[in-house]
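Below is one structure; the comments refer to it alone.
Within every chain, numbering begins at 1; the chains are lettered A, B, ... in the order of the sequence lines, protein sequences first and strands thereafter.
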Number of protein chains: 2
Amino acid sequence: MAPRTDPLSLEVIELIGTVVARYYEEYERAAAEHSLTGAQARVLGLLSLEPMPMRRIAQKLKCEPSNITGIVDRLEARGLVERRPDPLDRRVKLAAPTADGLATAADLRASLNFAREPLAELSTRERTVLRDLLKRMLGD
Amino acid sequence: MAPRTDPLSLEVIELIGTVVARYYEEYERAAAEHSLTGAQARVLGLLSLEPMPMRRIAQKLKCEPSNITGIVDRLEARGLVERRPDPLDRRVKLAAPTADGLATAADLRASLNFAREPLAELSTRERTVLRDLLKRMLGD
DNA sequence: TATTGTTATACTCTATAACTATA
DNA sequence: TATAGTTATAGAGTATAACAATA
């Protein structure tokens, strides 16, 4: 499928760029309110869904495993995450949120108003259309 | 306007998160292909539209002016950007792309296939609807 | 031998504060 | 005095390579 460079497509690309920029700002702001960096907030959010080995965090974040050591170190120092042994494989360390970490992750989600507040401007019908268009764009 | 937490809104938010993640990956990948960091690519892209004072770059990127010094240093060392005196104010340095920098910026834009390739999946009518919904979401 | 997590290293980005040269 | 850009500094994220413990 050939790339589109017509004015309408360029306008949509520009709008998506704006959405991306605003989403990122909002995310960093929400993280900073909890004195977390973006990377720390992303790891905590990930772990709040499901504890997982260090290596899998790296896969999810698409970065090198060695980076995760430091990020989890800082979350652990803050008492938001802990490392547990994996009973099935003693090489593996499972990173899991503490009760405090779970509460912080919930707070983070709650203060991420992006797309939720602006979405209120749209009717149910419009949100349905938007959902379907985004799904098509993402190759569903 | 109250935030929405219904399943449909949450689905749209999730989709937007996916769009944001994919956009960022694509951007970093395109920058890396030119041996540039994301920040360097953003500054170069900005300057390719219009030369500007160091301080204004910082405003556009929403970061501290002191950071721009290093980023422009590296772009200048690569021969992609140059600092010019501002004839109107000798305190100001205008950062401007070189011919090489302009070519690199054009290359970068061309290799940013995100949203352009997937957009081809949508008809003109659909892209128009998507544009209008995004504009509404972004508060026009 | 291969894998998991870590350490060591180097580079970049970031904010803060202090400095300089202009205005 | 105030402003533009820089420097110095410290913390964080990132990739690479080498290492210990375990598989």
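The pair A/E25-A/R22 does not meet the salt-bridge criterion, since no charged nitrogen lies less than 4.0 angstrom from a carboxylate oxygen. Between A/E121 and B/R136 no salt bridge is recorded (no basic side-chain N to carboxylate O distance below 4.0 Å).
A donor and an acceptor atom, one from each side chain of B/D107 and B/T104, are nowhere located under 3.5 Å apart.
Checking side-chain atoms of B/T98 against main-chain N and O of B/G79 turns up a donor-acceptor pair under 3.5 Å. At distances below 3.5 Å, not a single donor-acceptor pair connects side-chain atoms of A/R78 with backbone N or O atoms of A/D73. With hydrogens and angles ignored, the 3.5 Å screen pairs no side-chain donor or acceptor of A/R131 with any backbone N or O of B/V12.
As a whole-Å value, the separation of B/D86 CG from D/dG5 P is 9 Å. If you measure from atom CG of B/L36 to atom P of D/dT14, you get 18 Å, rounded to the nearest angstrom. In this entry the distance linking CG of B/L61 with P of C/dT12 reads 17 Å, nearest Å. For the pair B/L94 CG and D/dG5 C1', the computed distance is 12 Å after rounding to whole Å. Whole-Å rounding puts the A/K62 NZ to D/dT14 C1' distance at 16 Å. Atom CD in A/E28 sits about 12 Å away from atom C1' in C/dC13, given to the nearest Å. The nearest whole Å value for the distance from the CD atom in A/E64 to the P atom in D/dT16 is 6 Å. Atom-to-atom, CG of B/D73 to P of C/dT12 comes out at 11 Å; the value is rounded to the nearest Å.
Heavy-atom neighbours of A/E33 CD from other residues, nucleotides or ligands within 6.0 Å: above the threshold of 12.
Backbone-only contact: B/I71 has heavy atoms under 4.0 Å from sugar-phosphate atoms and none from a base. B/T69 comes within 4.0 angstrom of a nucleotide base, judged by non-hydrogen atoms across all strands.
Of the candidates C/dT14, D/dA15, D/dG5, C/dT14 carries the atom nearest the B/A39 side chain, counting heavy atoms from C-beta on. Of the candidate nucleotides C/dC13, D/dG13, C/dT14, C/dT14 has the atom lying nearest to any side-chain atom of B/N67.
With a 4.5 Å cut-off on side-chain heavy atoms, A/R125 and A/V129 count as touching. Considering only heavy atoms from C-beta on, B/R84 stays 4.5 Å or farther from B/K93 through its side chain. Within the 4.5 Å cutoff, the side chain of B/L80 has heavy atoms near those of the B/L36 side chain. Contact check for B/L119 versus B/L130: side-chain heavy atoms found under the 4.5 Å cut-off. Contact of the A/R109 side chain with the A/S48 side chain is registered, since non-hydrogen atoms from C-beta on lie closer than 4.5 Å.
Scanning residues 40-59 of chain B for heavy-atom distances under 4.0 Å to DNA chain D yields B/P53, B/M54, B/R55.
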Show the distances under 3.5 angstrom between N or O atoms of the protein and N or O atoms of nucleotides 9-11 of chain D.
none

Nucleotide N/O of nucleotides 17-23 of chain C paired with protein N/O under 3.5 Å:
{"from": "C/dA23", "atom 1": "OP1", "to": "B/R90", "atom 2": "N", "distance (Å)": "3.0"}

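Where A/R74 and B/V92 each meet DNA chain D at their nearest nucleotide, the meeting point lying more 5' is that of B/V92.
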